[in-house]
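Side chains included, hydrogens not; waters and symmetry mates left out as well; all remaining heavy atoms used. In each ligand, atom 1 is the first atom listed, and ligand 1 is the first ligand listed.
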Amino acid sequence: MTQIKVLILGGSTESAKLARTIATDQRFAATLSLAGRTEHPARTPVPMRSGGFGGADGLVHYLAEKDIDALIDATHPFAAHMKQNAVEAARMTGVAFLAIRRPAWAPEPGDHWTEIASLEEAATALGEAPRRVLLTTGRKELAPFKRASQHFYLVRSVEPPDPEALPPRAEVISARGPFTVAGEKALLEEQGIEIIVTKNSGGTATSAKLEAARALSLPVLMVRRPALPDAPSAETVEEALLWLERHHEAATSTRRGV
Ligand code: NAP
């Protein structure tokens with residue numbers, strides 16, 4: 001049977017799901033690539049590699065060296081550099097390419113969102129008066145909030161932040177989604193949270209906090225997504241799987257000389 005080599009650029013729920021889905025499928029030999037931001041990433045049953053490639057040129061080199069047939073960008077919606085590099089490397093090599101672009105969250109009736117461009121803007125938008133803030137923006141991006149030190153921050157991240165990076169009034173919760181609406185509501189109430197700061201990651205794993213905020217009429221500062229390069233894309237893992245299957249069929253026909 002023809003087997004095609006697939007490189008999945010990961011760091012998202014979708015990349016882990018896709019890796020799990022094709023791990024035992026003999027048509028595909030997949031490798032999952034992670035940036036290496038998380039010390040203990042969720043384990044997947046396909047070979048993993050970790051760390052940058054060295055820009056688009058480095059990725060081009062890797063694709064050639066490993067003889068990759070198909071490249072899937074399933075990075076986090078905010079990983080704009082890697083997404084750009086993937087598009088460029090696919091163009092330079094001609095390797096079959098698909099980006100999984102998860103739809104962004106959109107406000108619903110009853111939401112009190114302010115959409116903003118950056119975490120710096122979020123820190124400013126919190127205002128002068130001290131507030132109790134739920135911060136779910138990632139453990140490596142706390143600097144703007146360290147400067148807005150009048151607020152109390154409940155910092156939730158997959159792995160705990162470096163204590164040096166924390167604002168002076170902060171408490172840390174280390175947790176990985178998916179979260180439930182009931183759990184999020186209880187957390188917001190118990191902690192007396194007055195406002196949520198989050199990035200517009202989209203997806204269901206971490207969206208319960210938005211439903212909980214709606215139920216409690218809490219305001220949300222929502223960081224907009226970065227601009228992303230145009231790319232052939234799918235919204236879900238299921239669509240990406242269909243794309244891979246079509247690519248496999250085409251590769252099988254070509255190798256048979258059909
Ligand atoms: P980025 O700014 O797009 O990537 C920076 C560099 O990291 C890339 O140029 C690449 O280095 C390397 N890299 C990123 N993803 C990679 C992958 N899957 N495999 C190999 N190398 C990879 O992305 P970021 O620095 O990871 O994060 C940017 C934003 O995304 C942040 O807001 C972060 O909170 C959010 N985010 C990222 C992840 C994640 O797993 N990366 C998860 C959740 C949230 P080279 O140029 O050297 O190849």
Q: Do R101 and E239 pass the salt bridge (charged side-chain N to carboxylate O under 4.0 Å, His left out) test, and can you show the C-alpha distance, the side-chain angles, and the key distance before you say yes or no?
A: CA-CA 11 Å; R101 298 267 172 94; E239 282 175 60; over 6 Å; no
Q: Please check if the side chain of E194 supplies one atom and the backbone of R132 the other of a donor-acceptor pair under 3.5 Å.
A: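 Indeed, once roles are kept as given, a pair shorter than 3.5 Å links the two residues.
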Q: Quick one: which ligand 1 atoms are inside 4.0 Å of a heavy atom on L34?
A: 17 (C), 18 (N), 19 (N), 20 (C)
Q: Treating R102 as the side-chain partner and P77 as the backbone partner, does any N or O pair qualify as donor plus acceptor under 3.5 Å?
A: no
Q: Kindly work out whether a path of hydrophobic side-chain contacts (I/L/V/M/F/W/Y, heavy atoms less than 4.5 Å apart) joins I8 to W243.
A: yes
Q: Can you hop from I100 to L32 via hydrophobic side chains spaced under 4.5 Å?
A: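 In one cluster: yes.
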Q: Show the atoms of ligand 1 that are less than 4.0 angstrom away from any heavy atom in R49.
A: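 Under 4.0 Å from R49, ligand 1 has these atoms: 20 (C).
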Q: Starting from atom 2 (O) of ligand 1, find the nearest protein heavy-atom neighbour and note its residue, name and distance.
A: H81 ND1, 2.9 Å
Q: Can R214 and D111 be said to form a salt bridge (charged side-chain N to carboxylate O under 4.0 Å, His left out), step by step?
A: CA-CA 5 Å; R214 190 179 310 135; D111 280 333; 2.8 Å; yes
Q: Using modelled atom types and a 3.5 Å cut-off, is there a donor and acceptor pairing between side-chain atoms of R224 and backbone atoms of N200?
A: no
Q: Which residue from S157, P41, A79 reaches closest to atom 23 (O) of ligand 1 through any of its heavy atoms?
A: A79
Q: Tell me, which protein residue and heavy-atom name are nearest atom 29 (C) of ligand 1, and how many Å apart are they?
A: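 The closest heavy atom on the protein side is F78 O, 3.2 Å.
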Q: Considering both backbone and side-chain atoms of L9, is one of its nitrogen or oxygen atoms within less than 3.5 Å of a nitrogen or oxygen in ligand 1?
A: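 Between L9 and ligand 1 (N or O atoms, distance only) the closest approach is not under 3.5 Å.
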Q: How long is the gap from CG on L134 to CD1 on I173, to the nearest 0.5 Å?
A: 7.5 Å
Q: Considering only protein heavy atoms, which is closest to atom 10 (C) of ligand 1, and at what distance to one decimal place?
A: M82 SD, 3.7 Å
Q: Under 4.0 angstrom from ligand 1, any heavy atom of G51?
A: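 Yes, G51 has a heavy atom closer than 4.0 Å to ligand 1.
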Q: Looking at atom 48 (O) of ligand 1, what's its closest protein heavy atom, distance included?
A: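 Of every protein heavy atom, F53 N, 2.7 Å lies nearest to atom 48 (O) of ligand 1.
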Q: Please say whether K83 places an N or O atom under 3.5 Å from an N or O atom belonging to ligand 1.
A: no
Q: List the closest protein heavy-atom neighbour of atom 25 (O) of ligand 1: residue, atom name, distance to the nearest 0.1 Å.
A: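 Going by distance alone, atom 25 (O) of ligand 1 is nearest to R37 NH2, 3.0 Å.
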Q: Anything under 30° is parallel, anything over 60° is perpendicular, the rest tilted; go ahead and classify Y153 against H151.
A: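 Ring orientation of Y153 relative to H151: perpendicular.
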Q: Measuring from the heavy atoms of A35, does anything fall under 4.0 Å of ligand 1?
A: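 Yes, that is the case, since the closest heavy atom of the residue is under 4.0 Å from the ligand.
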Q: Between K209 and T136, is any side-chain donor less than 3.5 angstrom from a side-chain acceptor?
A: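 A pair is found: one side chain offers a donor N or O, the other an acceptor, under 3.5 Å apart.
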Q: If we only consider heavy atoms of A80, is any one of them less than 4.0 Å away from an atom in ligand 1?
A: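 For ligand 1, residue contact (heavy atoms, under 4.0 Å) with A80 is present.
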Q: Between Q26 (side chain) and Q3 (backbone), is there a donor-acceptor pair under 3.5 Å?
A: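 Pair absent, no side-chain N/O of Q26 close to backbone of Q3.
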Q: With heavy atoms of G10 as the reference, note each atom of ligand 1 found under 4.0 Å away.
A: 18 (N)
Q: List the closest protein heavy-atom neighbour of atom 42 (C) of ligand 1: residue, atom name, distance to the nearest 0.1 Å.
A: G11 O, 3.4 Å
Q: Which residue owns the protein heavy atom closest to atom 47 (O) of ligand 1, what's the atom, and how far is it?
A: G54 N, 2.9 Å
Q: Within a distance under 4.0 Å of any heavy atom of N85, pick out the atoms of ligand 1 and give their elements.
A: 9 (O), 46 (O)
Q: For G55, counting its heavy atoms only, list the atoms of ligand 1 lying under 4.0 Å from any of them.
A: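 Selected atoms, number and element: 45 (P), 46 (O), 47 (O), 48 (O).
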Q: Is it true that the NZ or CZ of R169 lies under 6.0 Å from the centre of F152's six-membered ring and within 45 degrees of the ring axis?
A: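 No, R169 and F152 do not form such a contact.
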Q: On a heavy-atom basis, I'd like to know which of K199, H76, K140 is closest to atom 31 (C) of ligand 1.
A: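 Nearest heavy atom to atom 31 (C) of ligand 1 lies in K199.
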Q: Between T137 and ligand 1, does any nitrogen or oxygen pair lie at a separation below 3.5 Å?
A: no
Q: So, regarding G138 and ligand 1 (criterion: nitrogen or oxygen to nitrogen or oxygen, under 3.5 Å), is there a contact or not?
A: no
Q: Decide whether an N or O pair under 3.5 Å exists between S33 and ligand 1.
A: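 So ligand 1 has an N or O lying under 3.5 Å from an N or O of S33.
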Q: Check whether the side chains of R20 and T44 place a donor and an acceptor atom closer than 3.5 Å, and report yes or no.
A: no
Q: Tell me which protein heavy atom sits closest to atom 11 (O) of ligand 1, plus the residue, atom name and distance to 0.1 Å.
A: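 Protein heavy atom with the smallest distance to atom 11 (O) of ligand 1: G52 CA, 3.5 Å.
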Q: Taking only Lys NZ, Arg NE, NH1 and NH2, and the carboxylate oxygens of Asp or Glu, determine whether E159 and K140 approach each other closer than 4.0 Å.
A: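 Salt bridge flag = no for K140 with E159.
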